[in-house]
Number of protein chains: 2
Amino acid sequence: MKPESRKEEIIRAASILFKEKGYSAVTMRDLAKAMGIKAASLYNHIQSKQEILSTIIIDLAEEFTSGMNQIVISDKNATEKLENIISLHIDVTLRNSDGLASLNNDWMHLEEENLQYFEKMRQDYEESFRDIVKKGIEEKEIKSFNVEIIVFSTLSTLRTLYLWYPKQNNIDASILKRDMISVLLKGIV
Amino acid sequence: MKPESRKEEIIRAASILFKEKGYSAVTMRDLAKAMGIKAASLYNHIQSKQEILSTIIIDLAEEFTSGMNQIVISDKNATEKLENIISLHIDVTLRNSDGLASLNNDWMHLEEENLQYFEKMRQDYEESFRDIVKKGIEEKEIKSFNVEIIVFSTLSTLRTLYLWYPKQNNIDASILKRDMISVLLKGIV
DNA sequence: GTATAAAACTAACAATTGTTAGTTTTGTTT
DNA sequence: AAACAAAACTAACAATTGTTAGTTTTATAC
(Lines give C-alpha, C1' and ligand atoms only; values in the text may rest on other atoms or scores of the structure.)
Protein backbone atom coordinates (compact mmCIF):
# COMPACT_ATOMS: atom_id res chain seq x y z
CA MET A 1 0.00 0.00 0.00
CA LYS A 2 1.27 3.44 -0.89
CA PRO A 3 1.27 5.84 2.03
CA GLU A 4 -1.73 8.05 2.41
CA SER A 5 -1.17 11.68 1.53
CA ARG A 6 -2.03 14.37 4.06
CA LYS A 7 -4.95 15.37 1.89
CA GLU A 8 -6.28 11.83 1.91
CA GLU A 9 -5.92 11.72 5.69
CA ILE A 10 -7.99 14.89 5.96
CA ILE A 11 -10.68 13.50 3.70
CA ARG A 12 -10.83 10.32 5.69
CA ALA A 13 -11.10 12.18 8.98
CA ALA A 14 -13.78 14.41 7.46
CA SER A 15 -15.76 11.38 6.30
CA ILE A 16 -15.96 10.14 9.86
CA LEU A 17 -17.07 13.50 11.23
CA PHE A 18 -19.57 14.04 8.40
CA LYS A 19 -21.04 10.65 9.17
CA GLU A 20 -21.48 11.52 12.83
CA LYS A 21 -23.01 14.99 12.49
CA GLY A 22 -23.53 15.76 8.82
CA TYR A 23 -21.58 18.16 6.60
CA SER A 24 -23.19 21.37 7.80
CA ALA A 25 -22.69 20.67 11.48
CA VAL A 26 -18.98 19.92 11.15
CA THR A 27 -16.76 23.00 11.29
CA MET A 28 -13.27 23.31 9.90
CA ARG A 29 -12.14 23.73 13.50
CA ASP A 30 -13.76 20.40 14.39
CA LEU A 31 -11.94 18.77 11.52
CA ALA A 32 -8.64 20.42 12.44
CA LYS A 33 -8.95 19.24 16.03
CA ALA A 34 -9.53 15.69 14.81
CA MET A 35 -6.31 16.00 12.81
CA GLY A 36 -4.44 17.53 15.73
CA ILE A 37 -3.71 20.81 13.93
CA LYS A 38 -5.21 24.30 13.58
CA ALA A 39 -8.01 25.07 11.13
CA ALA A 40 -5.90 27.35 8.96
CA SER A 41 -3.35 24.57 8.45
CA LEU A 42 -5.93 22.46 6.64
CA TYR A 43 -5.74 24.93 3.76
CA ASN A 44 -2.18 23.89 2.97
CA HIS A 45 -3.72 20.65 1.72
CA ILE A 46 -7.23 21.37 0.55
CA GLN A 47 -8.86 24.25 -1.25
CA SER A 48 -12.14 24.46 0.63
CA LYS A 49 -14.60 22.59 2.81
CA GLN A 50 -16.68 22.10 -0.30
CA GLU A 51 -13.78 20.36 -2.06
CA ILE A 52 -13.69 17.77 0.72
CA LEU A 53 -17.38 17.03 0.34
CA SER A 54 -17.29 16.80 -3.43
CA THR A 55 -14.24 14.54 -3.39
CA ILE A 56 -15.94 12.14 -0.99
CA ILE A 57 -19.22 12.03 -2.88
CA ILE A 58 -18.12 12.19 -6.52
CA ASP A 59 -15.48 9.50 -6.10
CA LEU A 60 -18.05 7.14 -4.62
CA ALA A 61 -20.71 8.01 -7.16
CA GLU A 62 -18.28 7.29 -9.99
CA GLU A 63 -17.44 3.96 -8.40
CA PHE A 64 -21.11 2.99 -8.44
CA THR A 65 -21.59 4.29 -11.96
CA SER A 66 -18.63 2.34 -13.27
CA GLY A 67 -19.66 -0.81 -11.43
CA MET A 68 -23.22 -0.59 -12.67
CA ASN A 69 -22.12 -0.02 -16.26
CA GLN A 70 -20.05 -3.19 -16.20
CA ILE A 71 -23.00 -5.13 -14.86
CA VAL A 72 -25.35 -3.70 -17.47
CA ILE A 73 -23.18 -4.70 -20.43
CA SER A 74 -22.39 -8.12 -18.98
CA ASP A 75 -23.83 -11.26 -20.53
CA LYS A 76 -25.91 -12.33 -17.54
CA ASN A 77 -29.57 -12.83 -16.81
CA ALA A 78 -31.51 -10.43 -14.59
CA THR A 79 -31.13 -12.50 -11.44
CA GLU A 80 -27.37 -12.68 -11.79
CA LYS A 81 -27.20 -8.96 -12.51
CA LEU A 82 -29.13 -8.21 -9.34
CA GLU A 83 -26.76 -10.43 -7.42
CA ASN A 84 -23.86 -8.46 -8.85
CA ILE A 85 -25.46 -5.18 -7.83
CA ILE A 86 -25.82 -6.45 -4.28
CA SER A 87 -22.21 -7.50 -4.39
CA LEU A 88 -21.15 -4.09 -5.67
CA HIS A 89 -22.88 -2.29 -2.82
CA ILE A 90 -21.36 -4.56 -0.24
CA ASP A 91 -17.86 -4.14 -1.67
CA VAL A 92 -18.12 -0.35 -1.69
CA THR A 93 -19.61 -0.33 1.80
CA LEU A 94 -16.78 -2.42 3.22
CA ARG A 95 -14.20 -0.16 1.64
CA ASN A 96 -15.70 3.19 2.61
CA SER A 97 -18.75 3.09 4.85
CA ASP A 98 -18.01 6.54 6.28
CA GLY A 99 -18.01 8.24 2.90
CA LEU A 100 -21.34 6.66 2.03
CA ALA A 101 -22.98 8.66 4.78
CA SER A 102 -22.15 11.86 2.90
CA LEU A 103 -23.27 10.38 -0.40
CA ASN A 104 -26.61 9.48 1.13
CA ASN A 105 -27.29 12.49 3.33
CA ASP A 106 -25.19 15.45 2.21
CA TRP A 107 -25.27 15.33 -1.57
CA MET A 108 -27.66 18.30 -1.59
CA HIS A 109 -24.88 20.50 -0.25
CA LEU A 110 -22.80 20.00 -3.37
CA GLU A 111 -22.45 23.13 -5.43
CA GLU A 112 -23.96 23.72 -8.85
CA GLU A 113 -21.69 21.77 -11.17
CA ASN A 114 -21.02 18.77 -9.00
CA LEU A 115 -24.61 18.70 -7.82
CA GLN A 116 -25.85 18.32 -11.40
CA TYR A 117 -23.18 15.73 -12.16
CA PHE A 118 -24.13 13.74 -9.09
CA GLU A 119 -27.85 13.88 -9.75
CA LYS A 120 -27.29 12.70 -13.31
CA MET A 121 -25.26 9.73 -12.09
CA ARG A 122 -27.83 8.81 -9.48
CA GLN A 123 -30.65 9.05 -11.98
CA ASP A 124 -28.80 6.88 -14.51
CA TYR A 125 -28.02 4.37 -11.80
CA GLU A 126 -31.65 4.03 -10.80
CA GLU A 127 -32.67 3.84 -14.43
CA SER A 128 -30.28 0.94 -15.03
CA PHE A 129 -31.57 -0.79 -11.93
CA ARG A 130 -35.15 -0.37 -13.07
CA ASP A 131 -34.39 -1.68 -16.56
CA ILE A 132 -32.80 -4.84 -15.16
CA VAL A 133 -35.85 -5.50 -13.00
CA LYS A 134 -38.23 -4.85 -15.92
CA LYS A 135 -36.29 -7.22 -18.16
CA GLY A 136 -36.36 -9.81 -15.39
CA ILE A 137 -40.12 -9.55 -15.16
CA GLU A 138 -40.53 -9.87 -18.93
CA GLU A 139 -38.36 -12.97 -18.90
CA LYS A 140 -40.44 -14.41 -16.05
CA GLU A 141 -37.37 -14.52 -13.83
CA ILE A 142 -38.81 -12.00 -11.41
CA LYS A 143 -42.31 -11.95 -9.96
CA SER A 144 -44.63 -9.41 -11.48
CA PHE A 145 -44.82 -7.03 -8.53
CA ASN A 146 -44.86 -3.26 -8.88
CA VAL A 147 -41.47 -2.39 -10.40
CA GLU A 148 -41.07 0.84 -8.44
CA ILE A 149 -41.63 -0.96 -5.16
CA ILE A 150 -39.10 -3.66 -5.96
CA VAL A 151 -36.45 -1.12 -6.94
CA PHE A 152 -37.17 1.09 -3.98
CA SER A 153 -37.15 -1.64 -1.35
CA THR A 154 -34.01 -3.30 -2.63
CA LEU A 155 -32.11 -0.07 -3.14
CA SER A 156 -33.12 1.37 0.19
CA THR A 157 -31.65 -1.65 1.94
CA LEU A 158 -28.42 -1.51 -0.06
CA ARG A 159 -28.08 2.21 0.50
CA THR A 160 -28.46 1.82 4.24
CA LEU A 161 -25.82 -0.88 4.57
CA TYR A 162 -23.28 1.75 5.58
CA LEU A 163 -25.19 2.32 8.82
CA TRP A 164 -25.68 -1.29 9.68
CA TYR A 165 -22.50 -3.03 8.63
CA PRO A 166 -20.08 -1.29 11.02
CA LYS A 167 -22.25 -2.34 13.98
CA GLN A 168 -21.92 -6.04 13.12
CA ASN A 169 -18.68 -7.47 14.46
CA ASN A 170 -16.66 -8.49 11.45
CA ILE A 171 -19.31 -10.40 9.62
CA ASP A 172 -17.57 -12.01 6.66
CA ALA A 173 -18.13 -10.32 3.30
CA SER A 174 -18.91 -13.51 1.41
CA ILE A 175 -21.37 -14.68 4.04
CA LEU A 176 -22.99 -11.25 4.04
CA LYS A 177 -23.37 -11.38 0.27
CA ARG A 178 -24.96 -14.81 0.37
CA ASP A 179 -27.42 -13.81 3.08
CA MET A 180 -28.30 -10.46 1.50
CA ILE A 181 -28.98 -12.20 -1.80
CA SER A 182 -31.25 -14.64 0.01
CA VAL A 183 -33.24 -12.03 1.87
CA LEU A 184 -33.50 -9.51 -0.95
CA LEU A 185 -34.03 -11.84 -3.89
CA LYS A 186 -35.68 -15.00 -2.65
CA GLY A 187 -38.84 -13.01 -2.06
CA ILE A 188 -39.14 -11.60 -5.52
CA VAL A 189 -37.59 -14.14 -7.87
CA MET B 1 -60.42 19.76 11.86
CA LYS B 2 -59.37 22.32 14.44
CA PRO B 3 -57.36 25.19 13.01
CA GLU B 4 -53.62 24.89 13.11
CA SER B 5 -51.92 27.12 15.64
CA ARG B 6 -49.17 29.47 14.51
CA LYS B 7 -46.69 27.26 16.34
CA GLU B 8 -47.88 24.21 14.45
CA GLU B 9 -47.55 26.11 11.18
CA ILE B 10 -43.95 26.94 12.03
CA ILE B 11 -43.17 23.35 12.86
CA ARG B 12 -44.71 22.16 9.64
CA ALA B 13 -42.73 24.70 7.61
CA ALA B 14 -39.59 23.73 9.48
CA SER B 15 -40.17 20.04 8.73
CA ILE B 16 -40.17 20.79 5.03
CA LEU B 17 -36.98 22.83 5.19
CA PHE B 18 -35.24 20.31 7.46
CA LYS B 19 -36.09 17.61 4.96
CA GLU B 20 -34.56 19.58 2.11
CA LYS B 21 -31.30 20.66 3.74
CA GLY B 22 -31.06 19.12 7.19
CA TYR B 23 -31.46 20.81 10.57
CA SER B 24 -28.01 22.38 10.74
CA ALA B 25 -28.17 23.96 7.31
CA VAL B 26 -31.52 25.65 7.90
CA THR B 27 -31.29 29.04 9.60
CA MET B 28 -33.98 30.77 11.58
CA ARG B 29 -33.94 33.41 8.84
CA ASP B 30 -34.64 30.71 6.24
CA LEU B 31 -37.55 29.49 8.30
CA ALA B 32 -38.86 33.02 8.86
CA LYS B 33 -38.71 33.73 5.13
CA ALA B 34 -40.71 30.57 4.45
CA MET B 35 -43.33 31.84 6.91
CA GLY B 36 -43.28 35.34 5.40
CA ILE B 37 -42.13 37.01 8.62
CA LYS B 38 -38.89 38.11 10.29
CA ALA B 39 -36.69 35.73 12.26
CA ALA B 40 -37.25 37.47 15.57
CA SER B 41 -41.01 37.07 15.17
CA LEU B 42 -40.67 33.31 15.32
CA TYR B 43 -39.78 33.64 18.98
CA ASN B 44 -43.27 34.83 19.83
CA HIS B 45 -44.35 31.25 19.15
CA ILE B 46 -41.43 28.98 19.88
CA GLN B 47 -38.72 28.93 22.49
CA SER B 48 -35.77 27.91 20.35
CA LYS B 49 -34.67 26.21 17.16
CA GLN B 50 -33.95 23.14 19.26
CA GLU B 51 -37.54 23.06 20.49
CA ILE B 52 -38.74 22.77 16.90
CA LEU B 53 -36.46 19.82 16.23
CA SER B 54 -37.33 17.99 19.41
CA THR B 55 -41.06 18.49 18.87
CA ILE B 56 -40.84 17.04 15.38
CA ILE B 57 -38.75 14.04 16.39
CA ILE B 58 -40.12 13.15 19.81
CA ASP B 59 -43.75 13.29 18.68
CA LEU B 60 -42.99 10.90 15.84
CA ALA B 61 -40.89 8.59 17.98
CA GLU B 62 -43.67 8.36 20.53
CA GLU B 63 -46.11 7.52 17.77
CA PHE B 64 -43.93 4.61 16.70
CA THR B 65 -43.39 3.50 20.27
CA SER B 66 -47.08 3.52 21.03
CA GLY B 67 -47.93 1.72 17.79
CA MET B 68 -45.31 -0.93 18.33
CA ASN B 69 -46.42 -1.54 21.91
CA GLN B 70 -49.97 -2.22 20.76
CA ILE B 71 -48.69 -4.68 18.18
CA VAL B 72 -46.48 -6.45 20.69
CA ILE B 73 -49.27 -7.10 23.18
CA SER B 74 -51.75 -8.10 20.47
CA ASP B 75 -52.89 -11.67 20.11
CA LYS B 76 -51.46 -12.27 16.64
CA ASN B 77 -48.84 -14.54 15.13
CA ALA B 78 -45.48 -13.22 13.96
CA THR B 79 -46.50 -12.80 10.33
CA GLU B 80 -49.53 -10.75 11.23
CA LYS B 81 -47.48 -8.64 13.60
CA LEU B 82 -44.98 -7.89 10.86
CA GLU B 83 -47.83 -6.91 8.58
CA ASN B 84 -49.07 -4.54 11.26
CA ILE B 85 -45.62 -3.00 11.60
CA ILE B 86 -45.50 -2.37 7.86
CA SER B 87 -48.94 -0.83 8.12
CA LEU B 88 -47.83 1.38 11.01
CA HIS B 89 -44.89 2.76 9.06
CA ILE B 90 -47.01 3.48 6.03
CA ASP B 91 -49.66 5.26 8.11
CA VAL B 92 -47.10 7.48 9.83
CA THR B 93 -45.35 8.19 6.54
CA LEU B 94 -48.56 9.29 4.85
CA ARG B 95 -49.38 11.58 7.74
CA ASN B 96 -45.97 13.21 8.16
CA SER B 97 -43.33 12.29 5.64
CA ASP B 98 -41.48 15.57 6.11
CA GLY B 99 -40.99 15.09 9.82
CA LEU B 100 -39.62 11.61 9.26
CA ALA B 101 -36.63 13.13 7.50
CA SER B 102 -35.61 14.78 10.77
CA LEU B 103 -36.26 11.62 12.74
CA ASN B 104 -34.00 9.68 10.42
CA ASN B 105 -31.23 12.17 9.76
CA ASP B 106 -31.18 14.81 12.48
CA TRP B 107 -31.84 12.94 15.71
CA MET B 108 -28.17 13.32 16.66
CA HIS B 109 -28.71 17.05 17.02
CA LEU B 110 -31.14 16.58 19.85
CA GLU B 111 -29.82 17.81 23.15
CA GLU B 112 -28.90 15.67 26.12
CA GLU B 113 -32.24 14.78 27.67
CA ASN B 114 -34.26 14.31 24.50
CA LEU B 115 -31.35 12.58 22.81
CA GLN B 116 -31.29 9.92 25.50
CA TYR B 117 -35.05 9.60 25.45
CA PHE B 118 -35.05 9.19 21.69
CA GLU B 119 -32.25 6.64 21.67
CA LYS B 120 -34.03 4.59 24.31
CA MET B 121 -37.22 4.55 22.26
CA ARG B 122 -35.38 3.57 19.10
CA GLN B 123 -33.52 0.81 20.88
CA ASP B 124 -36.73 -0.57 22.38
CA TYR B 125 -38.41 -0.41 19.01
CA GLU B 126 -35.68 -2.43 17.34
CA GLU B 127 -35.67 -4.87 20.21
CA SER B 128 -39.41 -5.49 19.84
CA PHE B 129 -38.97 -5.95 16.11
CA ARG B 130 -36.17 -8.44 16.65
CA ASP B 131 -38.20 -10.41 19.20
CA ILE B 132 -41.10 -10.76 16.82
CA VAL B 133 -38.82 -12.07 14.08
CA LYS B 134 -37.13 -14.49 16.49
CA LYS B 135 -40.47 -15.82 17.69
CA GLY B 136 -41.54 -16.23 14.07
CA ILE B 137 -38.47 -18.29 13.32
CA GLU B 138 -39.03 -20.51 16.38
CA GLU B 139 -42.61 -21.08 15.30
CA LYS B 140 -41.39 -21.96 11.77
CA GLU B 141 -43.44 -19.09 10.37
CA ILE B 142 -40.34 -17.28 9.17
CA LYS B 143 -37.41 -18.76 7.32
CA SER B 144 -34.31 -19.32 9.40
CA PHE B 145 -32.17 -16.54 7.92
CA ASN B 146 -29.83 -14.37 9.97
CA VAL B 147 -32.15 -12.41 12.28
CA GLU B 148 -30.11 -9.22 12.14
CA ILE B 149 -30.21 -9.18 8.37
CA ILE B 150 -33.97 -9.68 8.26
CA VAL B 151 -34.56 -6.89 10.76
CA PHE B 152 -32.12 -4.56 9.07
CA SER B 153 -33.37 -5.07 5.53
CA THR B 154 -37.03 -4.73 6.45
CA LEU B 155 -36.55 -1.75 8.71
CA SER B 156 -34.27 0.07 6.30
CA THR B 157 -36.97 -0.10 3.66
CA LEU B 158 -39.70 1.07 6.03
CA ARG B 159 -37.53 3.90 7.33
CA THR B 160 -36.84 5.14 3.83
CA LEU B 161 -40.48 5.24 2.77
CA TYR B 162 -40.58 8.94 3.56
CA LEU B 163 -38.21 9.62 0.67
CA TRP B 164 -39.93 7.43 -1.84
CA TYR B 165 -43.61 7.83 -1.16
CA PRO B 166 -43.94 11.56 -2.00
CA LYS B 167 -42.44 10.90 -5.44
CA GLN B 168 -45.16 8.40 -6.34
CA ASN B 169 -48.28 10.11 -7.58
CA ASN B 170 -50.97 9.37 -5.06
CA ILE B 171 -50.46 5.65 -4.85
CA ASP B 172 -53.31 4.36 -2.72
CA ALA B 173 -52.44 3.51 0.88
CA SER B 174 -54.16 0.14 0.91
CA ILE B 175 -52.54 -0.91 -2.37
CA LEU B 176 -49.18 0.23 -1.06
CA LYS B 177 -49.65 -1.83 2.08
CA ARG B 178 -50.55 -4.94 0.13
CA ASP B 179 -47.57 -4.58 -2.20
CA MET B 180 -45.09 -3.76 0.56
CA ILE B 181 -46.25 -6.81 2.50
CA SER B 182 -45.72 -8.92 -0.61
CA VAL B 183 -42.26 -7.65 -1.37
CA LEU B 184 -40.99 -7.52 2.20
CA LEU B 185 -42.56 -10.69 3.58
CA LYS B 186 -43.07 -13.15 0.72
CA GLY B 187 -39.31 -13.57 0.60
CA ILE B 188 -38.82 -14.49 4.20
CA VAL B 189 -42.01 -16.21 5.32
C1' DG C 1 -63.96 53.43 21.34
C1' DT C 2 -61.07 51.71 24.58
C1' DA C 3 -58.61 47.97 26.56
C1' DT C 4 -56.20 43.55 25.87
C1' DA C 5 -53.84 39.98 23.71
C1' DA C 6 -51.53 38.18 19.74
C1' DA C 7 -48.18 38.71 16.46
C1' DA C 8 -45.45 41.31 13.90
C1' DC C 9 -41.51 44.65 13.68
C1' DT C 10 -36.40 47.09 14.17
C1' DA C 11 -32.02 46.94 16.04
C1' DA C 12 -28.62 44.84 18.04
C1' DC C 13 -25.64 41.31 20.72
C1' DA C 14 -21.94 37.84 21.28
C1' DA C 15 -20.39 33.78 19.27
C1' DT C 16 -19.13 31.14 15.48
C1' DT C 17 -18.34 30.45 10.58
C1' DG C 18 -15.00 29.55 6.37
C1' DT C 19 -11.13 31.53 4.81
C1' DT C 20 -6.79 34.52 3.87
C1' DA C 21 -2.20 36.59 4.68
C1' DG C 22 1.99 36.34 6.40
C1' DT C 23 5.34 33.90 9.34
C1' DT C 24 7.70 30.17 11.64
C1' DT C 25 8.85 25.40 12.30
C1' DT C 26 9.98 20.78 10.64
C1' DG C 27 12.06 17.59 7.70
C1' DT C 28 14.69 16.29 3.69
C1' DT C 29 18.31 16.87 -0.07
C1' DT C 30 22.51 18.42 -1.43
C1' DA D 1 25.37 23.69 7.02
C1' DA D 2 22.85 25.66 3.46
C1' DA D 3 18.77 25.41 0.68
C1' DC D 4 14.21 24.12 -0.19
C1' DA D 5 9.72 22.34 0.29
C1' DA D 6 6.13 20.76 3.28
C1' DA D 7 3.32 21.69 6.91
C1' DA D 8 2.45 23.89 10.79
C1' DC D 9 1.49 28.36 13.20
C1' DT D 10 -0.77 33.30 14.78
C1' DA D 11 -3.89 36.82 13.85
C1' DA D 12 -7.41 38.54 11.71
C1' DC D 13 -11.43 39.37 8.32
C1' DA D 14 -16.27 39.75 6.89
C1' DA D 15 -20.35 37.23 7.01
C1' DT D 16 -23.66 34.62 9.32
C1' DT D 17 -25.57 32.41 13.38
C1' DG D 18 -29.39 31.98 17.24
C1' DT D 19 -31.38 34.91 20.19
C1' DT D 20 -32.94 39.08 23.13
C1' DA D 21 -35.01 43.62 24.20
C1' DG D 22 -38.06 46.86 23.34
C1' DT D 23 -41.59 48.75 20.28
C1' DT D 24 -45.37 48.96 17.04
C1' DT D 25 -49.11 46.97 14.50
C1' DT D 26 -53.19 44.02 14.07
C1' DA D 27 -57.12 41.69 15.56
C1' DT D 28 -60.60 40.59 19.25
C1' DA D 29 -63.66 41.60 23.37
C1' DC D 30 -66.22 44.49 26.07
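Protein chains get the first letters and strands the later ones, always in sequence-line order, with residue 1 at the start of each.
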In whole angstroms, the gap separating P of D:dT17 from CG of B:Leu42 amounts to 14 Å

- Message: Base of D:dA6, side chain of A:Asn44 - is there a donor-acceptor contact under 3.5 Å?
- Response: no

Heavy-atom nearest nucleotide on DNA chain D taken for A:Ala39 and for B:Asp30; more 5' hit belongs to A:Ala39

> Below 4.0 angstrom, N of the basic side chain to O of the carboxylate: do B:Arg130 and B:Glu148 qualify?
Replying inline: yes

Side-chain contact check for B:Arg6: nearest option of D:dC9, D:dT20, C:dA8 is C:dA8

Whole-Å distance, A:Met28 CE to D:dC9 P, equals 14 Å

The nucleotide from C:dT19, D:dA8, C:dA7 with an atom nearest the side chain of A:Ile37 is D:dA8

Here the distance between atom P of D:dG18 and atom CD of B:Glu111, to the nearest Å, is 13 Å

| task | Report yes if some heavy atom in the side chain of B:Trp164 is under 4.5 Å from a heavy atom in the side chain of B:Thr160; otherwise report no. | result | no

Which of B:Gln47, B:Glu51, B:His45 passes side-chain hydrogen bond (donor to acceptor under 3.5 Å, both in side chains) with B:Lys7? It is B:Glu51

**Asked** Under 4.0 Å: is that the gap between some side-chain N or O of A:Lys49 and OP1 or OP2 of C:dG18?
**Response** yes

B:Lys38 has its side chain closest, among D:dC9, C:dT10, C:dA7, to C:dT10

Separation of D:dT17 atom P from B:Lys33 atom NZ, nearest Å, is 11 Å

Practice item. Could you check if a side-chain atom of A:Lys21 sits within less than 4.5 angstrom of a side-chain atom of A:Asp30, using non-hydrogen atoms only? Key: yes

Whole-Å distance, A:Glu51 CD to C:dT19 P, equals 10 Å

Rounded to whole Å, NZ of A:Lys7 lies from C1' of D:dA8 at a distance of 18 Å

Contacts of A:His45 and A:Arg29 projected onto DNA chain D by closest heavy atom; the upstream (5') one is A:His45

A:Leu53 CG to C:dT19 C1', in whole Å, measures 17 Å

Can you find a side chain N or O atom of B:Ser41 that sits less than 4.0 Å from OP1 or OP2 on C:dC9? yes

Rounded to the nearest 0.5 Å, the OG atom of B:Ser48 sits from the CD atom of B:Glu111 at a distance of 7.0 Å

From CG of B:Leu31 across to C1' of D:dT16 the rounded distance in Å is 16 Å

So what does A:Thr27 hit on the nucleic acid, given a heavy-atom distance under 4.0 Å: a base, only sugar-phosphate, or nothing? sugar-phosphate

